[in-house]
Amino acid sequence: MTDRLIIFDTTLRDGEQSPGASMNRDEKVRIAKVLERMRVDVIEAGFPIASAGDFEAVKAVAEAVTESTVCALARATEKDIDRAAEAIRPASSGRIHTFIATSPIHMQEKLRMQPDEVVERAVWAVKRARQYTDDVEFSPEDAGRSEPDFLCRVLEAVIDAGAKTVNIPDTVGYNVPQQFGDLIASLIERVPNSDKAVFSVHCHNDLGLAVANSLSAVANGARQVECTINGLGERAGNASLEEIVMAVRTRQDIFACDTGIDTTQIVPASRLVSNITGFPVQPNKAIVGANAFAHESGIHQDGVIKKRETYEIMRAEDVGWSANRMVLGKHSGRHAFRARLAELGIEFESEEGLNSAFARFKDLADKKHEIFDEDLQALVTEEGLEQANESLKLVALKVCSQTGEIPLADVTVSVDGQERHSSAEGGGPVDAAFRAIEAVVQSGSQLQLYSVSNITSGTDSQGEVTVRLEKGGRIVNGHGADTDIVVASAKAYIHALSKLVAPAQKAHPQRGQAI
Ligand code: KIV
Ligand code: ZN
C-alpha cells in the first residue's frame, strides 16, 4: 500500500517573504482557490500578526477555501498564536503552525534563551495553540543546524504536548541530501513518540538543494513536504511544489508514497503566481519553464516522434501544458466571460467588478482577436490593480519614437486624485516614459530589474512587464500587461512606485524576533 505524502504549500507565506513578492488579500484568495483546485492538502496562507492586511488575507482565504486545510504561522508567543487562531477561525479545517529556533547560533544570538527555556516555550506554544485547534504543527527553526540530541528532546516534548505534525526546516539551506535524509531517518527512529506525529520537511534552496533534500527526506520517512509554486520563497526560495510532486509521481519505483495532487493544475498555478508576483519563470525551469517540454535537437525530435518515451519521462499535458487554447473572442458575451472566469476559479464580489472587467475584456478583444486563459488571468490581475486604492495611477501616455530622432514621452499621472503632467526624452520609448513618470513622482528609487515577456504567442499578444525598484534597502515589484509594451511598462513602473510610496512594512516572522 502506498502512503499519502501531504503537500503543504507555503507560497502565500514563505513565498511572500521573497523581496518584492507581497500579495494583497484578493490575490492571495485567487491563488488559494487554484491551490485548492490542485488538491493541495494544506495551504499556509500567511503570518497574521505581521499586519492588519496579512490577518485579513489569511481570514479571507480561510473563508474561501473549503477542501484544503488553511494554516497560519505564529511565533511561540501568546499574541501571535491568538491572532493566528482568530484568522483561521472561519476555516472548515484550520491549522496553527508555531515555531521557535533550536540551533545554538539562533538560541544564543537571536533569542538569547537557554535550551531549557526553548523547550519550555515550545511546549507552552503547542499547548496554547491546541486550545484553539487539534491540528497544530511545530517547527524547530534552523533544525538543519541544530544538535540532533536537542532536536530529539524538543520533538518528543512537543509531540507529548499535542503537536500532530513536526516540521524539520533547513532554514538556511545548509544541508545536503544524504545527510538530511539520514537526519530524518534518525529522528523518526530515536524520538520515542514519533509514531504520534507526521514528520514534515521545509527546505530552502541556498545551495540549490531544496528539492533534493526534501526528496531524500521523503525516501527516509517524511510524509509532509512544505513547498511553493515555482520555488518562490525567502532568498533563493523554497523547494518547488511542481518538482517534488512530479518526482514522486514519476519515480513510484523509488518512493513508497504519492500525493493527491491534480497535476494538470500545475502550469496554470505557476502562471498565476508568476503573473501576480511579477516573478518570471525561467525558460529552462523544470516542469513549468517554457522549454521544459521543447525539443531543439533533430535527434531528439526524431526520437520523440517515433516513440515519445525515448526522450520524455513525463507528458506535457499531465502537468497542464496545452497549446494556447482560444477561449473567448470579440463576440463572446458577458455570460460566457463570467462562466470561463468561474472555471478558472475567479469570481467577482460585485456586479460592478464583473462589469468593469468585462469592459476591459471587450477593449482587449478589439485589439486581439483571440483571448486565451492567460489573457483572462492577466486581465483580472490588471483589474485588481486598477481597483486597488493606490495613490498613483496612469492616466495617459503619448510616446514619439522614430528612426534618427530622440524618443519623447508625455505622461499624465494621477497622484492622490490630482492629475500631474510631465515630458521627458530617453534612450528609447520605455526609458523616456520612465523618466517622465519619475519627473512627476520624484521617488529617487533605483531600477533593479526590467523584464518583458509575452503572455501568449503572436505579435498581437499582450506584453507582461515586471519592474523591480529599490529605495533605502526596500525592494518592490510592479507589473503591468497591455498589447502595447510601452503602456505595459509604464503601468508596471507606476505599480511599483505605488508600493514604494505606501508606508506599510509588515513584520517578518524570522527576523529581529524578540520572544
Ligand atoms: O525556513 C523556516 O525555518 C521557516 C519556518 C518558519 C518554518 O520558514
Ligand atoms: Zn522557510
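The analysis underlying the following values was restricted to heavy atoms, covering all of them including side chains, and did not include hydrogens, waters or symmetry mates. In each ligand, atom 1 is the first atom listed, and ligand 1 is the first ligand listed.
Other residues, nucleotides and ligands contribute more than 12 heavy atoms inside 6.0 Å of the OH atom of Tyr132. Counting heavy-atom neighbours within 6.0 Å of Glu117 CD, excluding the residue itself, gives a total above 12. In this structure, Lys285 places its NZ atom where more than 12 heavy-atom neighbours from other residues, nucleotides or ligands lie under 6.0 Å away. In Gln252, the CD atom is crowded: over 12 heavy atoms of neighbouring residues, nucleotides or ligands sit closer than 6.0 Å.
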Could you walk me through whether Glu137 and Thr165 pass the side-chain hydrogen bond (donor to acceptor under 3.5 Å, both in side chains) test, one step at a time?
CA-CA 5 Å; Glu137 170 169 334; Thr165 304; 4.6 Å; no
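Looking only at protein heavy atoms, the nearest one to atom 2 (C) of ligand 1 is Gln510 NE2, 3.2 Å. In this structure, atom 3 (O) of ligand 1 lies nearest to the protein heavy atom Thr171 OG1, 2.6 Å.
Which parts of ligand 1 touch Glu141 is read off a 4.0 Å heavy-atom cut-off, strictly below it: atoms 3 (O).
Distances shorter than 4.0 angstrom occur between a heavy atom of His97 and an atom of ligand 1. Assignment of Arg13 to the shell around ligand 1 is supported, since a heavy atom sits closer than 4.0 Å.
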Give the table of side-chain donor-acceptor pairs shorter than 3.5 Å for residues 54-63, with sequence neighbours excluded, one pair per line with atom names and distance.
{"from": "Asp54", "atom 1": "OD1", "to": "Lys506", "atom 2": "NZ", "distance (Å)": "2.6"}
{"from": "Asp54", "atom 1": "OD2", "to": "Phe47", "atom 2": "N", "distance (Å)": "3.0"}

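Looking at Arg121, its side chain does come within 3.5 Å of a backbone N or O of Ala76 through a donor-acceptor pair.
Using the six-membered ring where Trp is involved, Phe434 and Tyr493 have ring planes that are parallel, under 30° apart on the 30 and 60° scheme.
Excluding waters, the set of protein N, O or S atoms lying under 2.8 Å from the Zn ion (ligand 2) comprises Asp14 OD2, His202 NE2, His204 NE2.
Residue His204 touches ligand 1 through its side chain alone, judged by heavy-atom distances below 4.0 Å.
Contact annotation: the side chain of Val191 never approaches that of Arg153 to less than 4.5 Å [non-hydrogen atoms, C-beta and beyond].
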